[in-house]
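What follows is a set of notes on a single structure, which appears directly below.
Chain identifiers are assigned alphabetically (A, B, ...) following the order of the sequence lines, protein sequences preceding nucleic acid strands; residue numbering begins at 1 within each chain. Below, all heavy atoms of this structure are taken into account, side chains as well, without hydrogens, waters or symmetry copies.
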There are 2 protein chains.
Amino acid sequence: MPQPSAPRKSPGRPPRISREEVIGTARRIVTEEGVDRLTMRRLATEIGSTPMALYHHVRNKEELLVLLLDDYAAQALRRPELPAHPRRRIVVAAAAIHEALAACPWIVEVLTADDLMSTSALWFVEQIVDGLVECGLSPERAVHGYRAIWYYTAGEIVVRATAARRRADDDRGTYREQVFGDLDPGELPRLAQIADRWAPLTGEDTYLDGLRALVDGLLAAR
Amino acid sequence: MPQPSAPRKSPGRPPRISREEVIGTARRIVTEEGVDRLTMRRLATEIGSTPMALYHHVRNKEELLVLLLDDYAAQALRRPELPAHPRRRIVVAAAAIHEALAACPWIVEVLTADDLMSTSALWFVEQIVDGLVECGLSPERAVHGYRAIWYYTAGEIVVRATAARRRADDDRGTYREQVFGDLDPGELPRLAQIADRWAPLTGEDTYLDGLRALVDGLLAAR
DNA sequence: ACCTGAACACCGTTCAAGT
DNA sequence: ACCTGAACACCGTTCAAGT
């Protein structure tokens, strides 16, 4: 899809702005001010042009966001050295994707795309699928296993990001405290029991623990 | 938060519309036409009033959406009979939440709220946490385990829903086929190997398999 | 207390025309 | 081929006034 408009024999007006400039400026707005502030109009004025000029370089806003995701992935997903041990390799590859996404809060709105977030991520997908196969899973089960890992990873990112946004917006924290304060220990004993520790426990980053558990479970012959 | 405006001594003008009517009409629009079509203006004309009248019954659109989620959860989350066996109980409770959410595609935009999607879901959370504790986890690890399950579940819903939306919008399928057709078997052998089976494999519903694997992994002492 | 009208400050996108 | 101006069909929300 990131198909750089092939410069034919240039039988027309020379371009004043390029697709790269559009994406680059969009990236700046998005990293500096958040994805909400990225509008076609804003982008156009920032670039010194008109909204409609943009539509000559991207099909619409949706495509612009996907291009932005590809752009980020290509830059952020540097391939790490992977352990030889397949189970560890799976964990490290998934954690690398997770880390890149977690470092980039604006990505959430676009992220939730599909099983493959970007062609740049394919190498990581390969590592995970290969690790699962090496551990004895059939190719089919390995693909399903990869998807389970992706659900878990994307879910962690999305839930965490929107929770953070809500927290910034208004006092939802107060709401939660209220709910957990009013718990009936007769009906919901476990929750009542750990009600006062819920917030700090929830704040802890346990992505890796859950990932390891999931991978363990996927590899356990059942 | 769903605090029905307590009717005091009614020392003013009698209300023409109620919060219930606002939520009910919003629910109808959202289930019939999708969440995108729910606008404050649309809702107002549907209800035979003006946009600003709504702001007397809900703080803003964000709150309206949260109320809508609560409303749906209260209605859709009927408590099932749970197995006595704790591990099975965890799976059934999580699957019940998942089923309710999956049946309701509009929920995705709101869903990604926090660890507790709604007070109506607390009973299910209790069942999951309790099951994990009964299986030998400490309360702290049980909370973390519940969160891992929630990440996985929310991720499955979000990824699947947006994938479906994209598919409806345009021919992203074509894009994926193109990517998987161009794979270099030297660099990405596993993916090349199952490239032609990727689409059907991805279409299969393996939520329960992944859930069981995750729960197994969480329960395995490590 | 509850509702209305008019306005503010925006959106994404299309269409027809210009160079 | 690339860009512009003007317009279409909308948004959420605030403010001041009415009953």
Side-chain angles (χ1 to χ4, degrees), chain A residues 3-26 29-30 33-68 106 109-110 165-166 168-170, chain B residues 3-26 29-30 33-68 106 109-110 165-166 168-170:
Chain A
Q3 199 176 346
S5 45
R8 290 168 187 272
K9 296 157 204 159
S10 61
R13 185 165 160 172
R16 261 212 268 279
I17 58 178
S18 67
R19 182 183 253 228
E20 281 66 42
E21 195 182 354
V22 172
I23 296 174
T25 311
I29 294 174
V30 140
E33 307 186 41
V35 73
D36 297 345
R37 303 291 275 274
L38 179 68
T39 70
M40 300 302 266
R41 295 171 120 96
R42 166 78 191 282
L43 180 54
T45 60
E46 202 88 340
I47 226 169
S49 185
T50 64
M52 273 320 296
L54 305 176
Y55 286 85
H56 242 268
H57 299 92
V58 297
R59 209 201 313 182
N60 49 29
K61 195 180 179 181
E62 169 86 8
E63 194 192 75
L64 175 62
L65 287 170
V66 173
L67 289 170
L68 226 44
W106 62 265
E109 347 266 297
V110 202
R165 178 151 46 88
R166 290 270 164 83
D169 273 16
D170 52 23
Chain B
Q3 198 177 345
S5 45
R8 290 167 186 273
K9 297 158 203 158
S10 60
R13 187 167 157 171
R16 262 212 266 280
I17 58 179
S18 67
R19 182 183 253 226
E20 281 68 41
E21 195 182 352
V22 172
I23 296 175
T25 310
I29 294 174
V30 140
E33 307 186 41
V35 73
D36 296 345
R37 303 291 274 275
L38 179 68
T39 69
M40 299 302 267
R41 295 170 119 97
R42 167 77 192 280
L43 180 54
T45 59
E46 201 88 342
I47 226 169
S49 185
T50 64
M52 272 321 295
L54 304 176
Y55 285 86
H56 243 268
H57 300 92
V58 298
R59 211 201 311 184
N60 49 28
K61 194 179 180 182
E62 169 87 7
E63 193 193 76
L64 175 62
L65 288 170
V66 173
L67 289 170
L68 226 46
W106 62 264
E109 346 268 297
V110 202
R165 176 150 46 87
R166 290 270 163 84
D169 272 17
D170 53 22

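- Taking only side-chain nitrogens and oxygens, S49(B) comes nearer than 4.0 Å to OP1 or OP2 of dT4(C).
- Between E33(B) atom CD and dC10(D) atom P there is a gap of 13 Å when expressed in whole angstrom units.
- Contact annotation: the side chain of M40(A) approaches that of V58(A) to within less than 4.5 Å [non-hydrogen atoms, C-beta and beyond].
- The CG atom of L54(B) sits 14 Å away from the P atom of dC2(C) (whole-angstrom rounding).
- When rounded to the nearest whole Å, the span between CZ of R19(A) and P of dC2(D) equals 12 Å.
- With dC2(C), dT4(D), dC11(C) as the choices, the nucleotide that has an atom nearest any side-chain atom of H56(B) turns out to be dC2(C).
- Computed from coordinates, the R59(B) CZ to dG12(D) P distance equals 17 Å when rounded to whole Å.
- Distances shorter than 4.0 Å separate none of the side-chain N or O atoms of H57(A) from OP1 or OP2 on dC2(D).
- In summary, E33(B) and R42(B) engage in a salt bridge, as defined by a charged side-chain N under 4.0 Å from a carboxylate O.
- For the pair M52(A) and R42(A), both in contact range of DNA chain C, the more 5′-proximal nearest nucleotide belongs to R42(A).
- Across dA9(D) and dC10(C), the matching P atoms stand 22 Å from one another, rounded to whole Å.
- Interatomic distance, NZ of K61(A) versus CG of L54(A), reported as 11.5 Å (0.5 Å rounding).
- Between I29(A) atom CD1 and D36(A) atom CG the span is 12.5 Å, to the nearest 0.5 Å.
- For the atom pair L64(B) CG and R19(B) CZ, the distance stands at 9.5 Å (nearest 0.5 Å).
- The salt bridge (Lys or Arg N to Asp or Glu O under 4.0 Å) search around R16(B) returns none, not counting sequence neighbours.
- Checking dT13(D), dG12(C), dT4(C) against every side-chain atom of A53(B), the shortest atom distance belongs to dT4(C).
- The interatomic distance linking L43(A) (CG) with dC3(D) (C1') rounds to 15 Å, in whole Å.
- Of the residues listed (I47(A), I17(A), V30(A), L38(A)), the one engaging T25(A) in a side chain to side chain contact (heavy atoms under 4.5 Å, CB included) is I47(A), and it is the only one.
- Pairing analysis of DNA chain C (Watson-Crick: purine N1 to pyrimidine N3 plus N6-O4 or O6-N4; G-U wobble: N1-O2 and O6-N3; both under 3.5 Å) yields stems of 3 or more pairs at C:4-8 with D:12-16, C:12-16 with D:4-8.
- Residue L38(B) contributes atom CG, which lies 12 Å from atom C1' of dG12(D) at whole-angstrom precision.
- Counting non-hydrogen atoms under 4.0 angstrom, R41(B) reaches a base of the nucleic acid.
- Nearest heavy-atom pair across P51(B) and R41(B) is CG-CG, 4.1 Å.
- For E62(A) and dC11(C), the CD to P distance is 19 Å, given to the nearest whole Å.
- Nearest nucleotide to the M40(B) side chain, out of dC2(D), dC3(C), dT13(D): dT13(D).
- If P15(A) and T39(B) are placed on DNA chain D by their nearest nucleotide, the residue sitting closer to the 5' end is P15(A).
- Which of dC3(D), dT13(D), dT13(C) sits closest to the side chain of Y55(B) comes down to dT13(D).
- For the pair L64(A) CG and dC11(C) P, the interatomic distance rounds to 14 Å; values are reported in whole Å.
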